[in-house]
Amino acid sequence: MADEKALNFLEEIIERDLREGRYGSILTRFPPEPNGYLHLGHAKSICLNFGLAIRYGGKTNLRFDDTNPSTEETEYVDSIKEDVRWLGFMWANEFYASDYFDQLYGFAVKLILKGLAYVDDSSSEEIAAQKGTPTAPGTDSPCRSRPIEENLKLFDAMKHGAYQDGEKVLRARIDMAHPNMHMRDPILYRIKHAHHHRTGDRWCIYPMYDFAHGQSDSIEGITHSICTLEFIPHRELYDWLIEKLDIYPSRQYEFARLNVTYTVMSKRKLLQLVNEKHVSGWDDPRMPTLSGLRRRGYTPEAIRDFCDRVGVAKRDNLIDIGLLEFCVREHLNKVAQRRMVVFDPLKIVITNYPAGQQEDLQSENNPEDPSGSTRTMPFARELYIERDDFTEVPPKKFFRLAPGQMVRLKSAYIIRCESVLKDADGTVTEVHCSYIPESKSGSDTSGIPVKGTLHWVSAAQAVPVDVRLYDRLFNVENLGEAEGDFKNYLNPDSLNIKTVYAEPSLKQAQTGEPYQFLRMGYFCLDSDSSPTRLVFNRTVTLRDTWAKERK
RNA sequence: UGCCCGAUGGUGUAAUUGGCAACACGUCUGAUUUUGAUUCAGAAAAGUCCAGGUUCGAGCCCUGGUCGGGCAACCA
C-alpha cells in the first residue's frame with residue numbers, strides 16, 4: 001500500500017526532476033564530519049537522505065567530510081558507521097573527502113589557470129578586514145592581481161611545505177563587493193601542518209568546506225545534496241565553483257534543522273557536556289546522541305518514526321520531546337516483555353495464606369502479543385507492593401489498597417486489606433490482608449469486581465536490582481532562547497538511582513531487550529550490569545493520567 | 001544600512017497547486033481494561049502575521065509593511 005501522505009518539498013523536487021527526465025535515478029549522501037558523535041539532528045538527515053533514495057529507487061553514499069585534520073579522529077568514524085547501521089540504513093559507498101585531495105588540488109590549479117583563484121599573503125585579520133561587512137563592500141587584497149604564473153608557483157610551494165600555517169592561502173577571485181559575503185573572494189585552501197587521520201602527513205594544505213563539499217558531491221555524481229538552512233548562503237558559491245570548474249552539476253537543497261525541547265542539539269555543546277563531565281560520556285543515556293538514546297533503550301524503529309513524524313520544511317521549529325516519547329512508547333508497547341518490579345516496597349502479609357506455602361503463577365509476557373506466552377512468578381504469604389499503592393485515608397477515586405478495600409494482584413488473587421501495622425513514628429510497616437482463593441487469575445469464580453490491579457513481588461524471592469531513572473537534561477524548554485551559558489540550565493535531578501525489587505525471572509534479562517516494568521515504565525539492561533548486580537535504565541515512563549489527576 | 005530564508009490551532013506538518021483549513025502529538029470527556037498502560041469513541045482548539053490589490057472566489061497570486069532566523073571562522 002503506497003502511503004498517501006502529502007509530499008514534502010524535497011519529494012516534490014525529486015518527483016519533478018524524475019518526471020522531467022533530469023536524472024535517471026537519484027543519488028544522495030550523508031556527509032558527517034568525523035569530529036563527534038551522531039545525534040537526533042543527524043538522524044533526521046540520515047532518514048531524509050536514505051529515505052529519499054529508498055523511496056525513489058536511488059542510492060546513498062556515506063561520505064566523511066574530513067577536511068580539517070585538527071578536529072577529526074578515527075574513533076568518530078567508527079561510531080558514526082555503527083550509528084547509521086544501527087538506525088537501519090546501509091550506504092552504497094563509503095567515501096571520504098580526503099579521498100579526493102589530489103583531484104581537489106587539480107581543481108584548484110584549474111581555477112588559477114583560469115585567473116579565478118590567487119594566492120594571498122594577507123594575514124587572517126587582514127582578510128577579515130578586506131571582507132567588509134554585510135552592509136559595507138569589501139576591498140581588494142594587494143595580492144588579488146598576482147599573475148597566473150606566480151600563483152601557480154606559490155600554490156605549488158604551499159603544497160610542498162614552503163610556508164608556515166597561516167602564511168598564505170588560496171582564494172577564489174570573485175567579487176569583493178558582492179552582496180553575499182561568501183562570494184567575497186572566499187578562502188579555498190589553507191596551510192595546516194597537521195596529521196590527518198587518513199592521509200597522515202602527506203598534505204600540509206587542506207581544502208575548506210566550500211572547496212570540498214560541492215566538489216565531492218560532483219565527483220560522486222550526487223544528484224540532490226541536502227543540507228541544513230545555514231548553508232543557504234553557500235549555495236551561490238557551490239554553484240559558482242561547479243560552473244567554473246565545469247564539473248557534474250550536483251544541486252544543493254536546504255531544510256530546517258531539528259530542535260527539540262529541553263535539550264541541545266549541537267556537537268559543540270554536547271562535546272562540552274562530555275568534557276566538563278556533566279554527563280558520563282557521549283553515550284550517557286541522557287544525551288540526545290544516537291549512542292545515548294540506544295543505551296537509554298530507544299529503538300531504531302522509534303527514532304525513524306519520530307523523524308518521519310517531525311516532517312521536513314524550511315522554517316525553524318522546536319519539536320516537543322513528548323513526540324519522541326510517544327514514538328518509543330508506541331513501539332515498546334508492542335515489543336517489550338512485561339515484568340513486575342516494586343520500587344518502594346511495602347510488605348503485605350496474606351494472613352489466610354499458609355506460611356511456607358508457595359505457588360507458581362503464570363503471567364503474560366505481553367498482552368499485545370497474540371502468541372500469549374507467559375512466565376512464572378512465585379506467589380507466597382509475604383509480598384511487596386508499591387508503597388504508593390496503599391493509603392490509610394483514600395482520596396476520591398482511589399482504586400488501590402486501603403483499609404477494607406479490595407484490589408487484584410496482577411496475575412494472582414484479589415486481596416482485601418484487613419489491618420495495618422505501624423512503627424513508633426506512625427509509618428506503616430506492614431499491611432495484613434486476606435485473599436480470595438476462588439479469585440485466582442485465569443479461573444476467577446468469585447465474581448468480585450475490583451477497580452484496581454497492582455504489581456507485586458514475592459518478598460522472599462525478590463531480586464534487588466538498580467534502576468537509573470532519567471529526567472530531561474535541562475529544565476528550560478527552549479535552550480535556543482535561554483540567556484547566558486546553556487549549562488546554567490542543566491537539570492540537577494536528571495539522574496536518580498534506586499535499588500528496587502524485581503521478580504526473579506528478571507535475572508535472565510538480556511542486554512538489548514526492552515522490558516516494561518508494569519505500571520512503572522520501559523527499561524533496558526545497562527552495560528554497567530554485573531552478574532551480581534543488574535542495572536536497568538528507564539527509557540521512558542508509561543503515560544500516567546492518574547498522576548495528573550492527583551494534582 | 002545590504003543580501004538571503006521563513007511566517008497556518010499549544011507543537012509540528014498538510015491543503016488536489018485559486019474552491020470556505022486536514023492529519024499527528026499534546027489537552028479534555030466518555031467506554032473498555034487483571035497495567036489509572038494499551039485500545040476505542042468523541043470534544044475543545046487556528047480562520048492562515050498585518051494592510052491593500054487581482055478574482056465570482058485568496059492560506060495559496062501581486063504590492064507594501066511587520067515580525068522571526070541566517071550571512072562578515074585559515075570550522076563544517
Side-chain angles (χ1 to χ4, degrees), chain A residues 5-8 12 31-33 35 65-68 70-72 97 120 122-124 127-138 165-171 178-184 187-192 205-206 208-210 212-213 227 229-236 254 256 261 267-268 309-320 322-327 329-330 333-334 338 340 363-364 367-368 397-400 407-412 414 439 441-442 444 450-455 480 516-521 541-550:
Chain A
K5 258 183 73 181
L7 302 183
N8 64 47
E12 271 178 10
E33 181 187 11
N35 67 344
D65 234 333
D66 56 351
T67 56
N68 185 357
S70 30
T71 57
E72 296 152 5
D120 196 337
S122 306
S123 68
S124 68
I127 289 177
Q130 289 160 16
K131 287 246 178 185
T133 70
T135 53
D165 289 10
E167 256 187 82
K168 290 195 168 22
V169 292
L170 182 74
R171 295 177 74 177
H178 199 106
N180 181 347
M181 296 293 289
H182 292 270
M183 298 295 278
R184 321 245 261 226
I187 294 173
L188 267 23
Y189 265 92
R190 78 286 213 184
I191 300 170
K192 253 180 199 278
I205 57 171
Y206 291 92
M208 297 288 289
Y209 167 84
D210 286 306
H213 199 101
C227 60
L229 255 30
E230 64 271 27
F231 290 98
I232 288 178
H234 294 252
R235 189 176 59 227
E236 199 170 4
E254 312 86 5
T261 55
K267 269 195 243 179
R268 199 191 102 249
R309 287 170 185 269
V310 143
V312 48
K314 299 190 72 155
R315 67 169 134 159
D316 294 330
N317 59 76
L318 180 62
I319 309 291
D320 188 343
L323 182 61
L324 215 212
E325 296 177 343
F326 166 82
C327 292
R329 287 193 187 105
E330 188 169 64
N333 177 49
K334 293 196 197 94
R338 312 288 128 121
M340 294 198 221
S363 189
E364 63 209 349
E368 307 286 318
K397 286 162 77 181
F398 184 83
F399 309 149
R400 279 110 99 140
V407 294
R408 169 170 294 279
L409 295 177
K410 172 75 181 174
S411 300
I414 292 173
S439 69
S441 189
D444 185 354
V450 287
K451 293 281 273 182
T453 301
L454 310 183
H455 62 281
Q516 184 197 96
F517 292 178
L518 242 61
R519 308 205 295 145
M520 304 308 283
T541 60
L542 259 33
R543 258 185 94 225
D544 190 354
T545 46
W546 171 241
K548 266 178 245 166
E549 183 149 343
R550 275 138 92 200

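In the text below, chain A, chain B and the rest are named by the order of the sequence lines, each starting its count at 1. In what follows, every heavy atom counts, from backbone to side chain, and hydrogens, waters and symmetry copies are set aside.
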K.L.:
When the C1' atoms of B:A44 and B:G30 are considered, how many whole Å apart are they?
P.N.:
15 Å
K.L.:
Is the base of B:G26 syn or anti, if syn means a glycosidic angle within 90° of 0?
P.N.:
anti
K.L.:
B:U38 P sits how many Å from A:M520 CE, rounded?
P.N.:
16 Å
K.L.:
Using the P atom as the point on both nucleotides, what is the distance between B:C25 and B:U39, in whole Å?
P.N.:
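Rounded to whole Å, the distance is 9 Å.
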K.L.:
Measuring centre to centre across the rings, with the benzene-like ring taken for any Trp, is A:H234 within less than 6.0 Å of A:Y209?
P.N.:
yes
K.L.:
Using a heavy-atom cut-off of under 4.0 Å over every strand shown, decide if A:R235 touches base, sugar-phosphate, or nothing.
P.N.:
nothing
K.L.:
Whole angstroms only, please: what is the CZ-P distance between A:R519 and B:U34?
P.N.:
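For the pair A:R519 CZ and B:U34 P, the rounded distance is 14 Å.
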K.L.:
Could you give the distance separating B:A46 and B:U13 at their C1' atoms, to the nearest angstrom?
P.N.:
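Each nucleotide's C1' atom is 14 Å from the other's.
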K.L.:
Tell me: CG of A:L323 to P of B:C23, nearest whole Å?
P.N.:
17 Å
K.L.:
Would the base of B:G36 count as contacting A:R543 through its side chain, where contact means a donor and an acceptor less than 3.5 Å apart?
P.N.:
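Result: no qualifying N/O pair found.
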K.L.:
In whole Å, what is the span from the CD atom of A:E236 to the C1' atom of B:C5?
P.N.:
14 Å
K.L.:
Encode nucleotides 71-76 of chain B as B, S and - characters from 5' to 3', where the letter depends on protein heavy atoms closer than 4.0 Å: B to the base, S only to sugar-phosphate, - to neither.
P.N.:
SB-BSB
K.L.:
Rounded to whole Å, please give me the gap between CD in A:E330 and C1' in B:A37.
P.N.:
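Those two atoms, CD and C1', are 13 Å apart.
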K.L.:
Atom CZ of A:R309 to atom P of B:U13: distance rounded to whole Å?
P.N.:
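It is 15 Å, rounded to the nearest whole Å.
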K.L.:
Between B:U35 and A:Q516, counting only base atoms on the nucleotide and side-chain atoms on the residue, is there a donor-acceptor pair under 3.5 Å?
P.N.:
yes
K.L.:
Just the dot-bracket of RNA chain B, please: which string comes out with Watson-Crick or G-U pairs under 3.5 Å, [ ] for crossing, | for another strand?
P.N.:
.((((((..((((.....[..)))).(((((.......))))).....(((((..]....))))))))))).....
K.L.:
Could you check whether atom NZ of A:K451 has more than 12 heavy atoms from other residues, nucleotides or ligands sitting under 6.0 Å from it?
P.N.:
no
K.L.:
Mind calculating the distance between CG (A:N8) and P (B:G12) to the nearest angstrom?
P.N.:
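Going from A:N8 (CG) to B:G12 (P), I get 17 Å.
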K.L.:
Can you tell me whether the base of B:U17 sits syn or anti, using the 90° cut around 0 to define syn?
P.N.:
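Classified syn.
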K.L.:
How long is the line joining NZ of A:K334 and C1' of B:A37, in whole Å?
P.N.:
14 Å
K.L.:
Of the options B:U34, B:U35, B:U13, whose atoms approach the side-chain atoms of A:P367 most closely?
P.N.:
B:U35
K.L.:
Given the C1' atoms of B:A72 and B:A14, what is the spacing between them in whole Å?
P.N.:
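To the nearest whole Å, 38 Å.
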K.L.:
When the P atoms of B:C3 and B:C49 are considered, how many whole Å apart are they?
P.N.:
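Nearest-Å result for B:C3 against B:C49 at atom P: 24 Å.
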K.L.:
Just wondering, do A:S363 and A:R338 contact through their side chains at under 4.5 Å, heavy atoms?
P.N.:
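Answer no - side chains too far apart.
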K.L.:
Any donor-acceptor pair under 3.5 Å between the side chain of A:S411 and the base of B:U34?
P.N.:
no
K.L.:
Expressed in whole Å, how much space separates the C1' atoms belonging to B:A41 and B:U55?
P.N.:
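Those two atoms are separated by 43 Å.
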